[in-house]
Each structure stands twice: as C-alpha cells, then as structure tokens.
Amino acid sequence: SLTLVLGEARALRARPDAAAVIAARYGLVPSAVTQWLATTRWSARVGVAVRDVEPACAALSSLGVLTRRIAAAACIAS
C-alpha cells in the first residue's frame, strides 16, 4: 500500500547510511547520492491534481504507450 511505501521511504531517508544503501542498490557513487539526498525532499503524502496529469496521459496515448485513452482521473490513486 502507499502508506507502507511512504513509511519505508521515510525510514530509509532517516538512516545514517542511506546514501550507501541507495548507492549499492542502484550502482551509484555514494558521494553523488549524498549530494542528491541533500537537495531532495521526499513527500510525506501524495497529492496530484487531474489537470497536472492530463497532458501526460494525452502524450502517452498519442505515442502509443497507452493502448487506449485513459482519463487522467483514473490514473490518480485516492
């Protein structure tokens, strides 16, 4: 569930070895991950407006990535 994912992300971010864990998992340089973590803030909640998703849905549909047109509201978890 989304609550579980957000909790895991929060726990990872709080770890003193978060940069090393992320670097090892994704094959990155730990110093680059440390820099990224210093400038990145993870959301504690998810909130997306339909109007913000509509252009992405239209583009994905026109490119054939989506097999059918999907209403933007259907892409947003509540």
field: R13: partners by side chain to side chain donor-acceptor pair (under 3.5 Å), with sequence neighbours left out
entry: none
statement: Residues passing the side chain to side chain donor-acceptor pair (under 3.5 Å) test with D17, sequence neighbours excluded, are R15
Identify all side-chain donor-acceptor contacts of residues 18-38 below 3.5 Å with residues at least two apart in sequence or on another chain.
residue : atom : partner : partner atom : Å
T34     : OG1  : P30     : O            : 3.0
W36     : NE1  : T40     : OG1          : 3.1

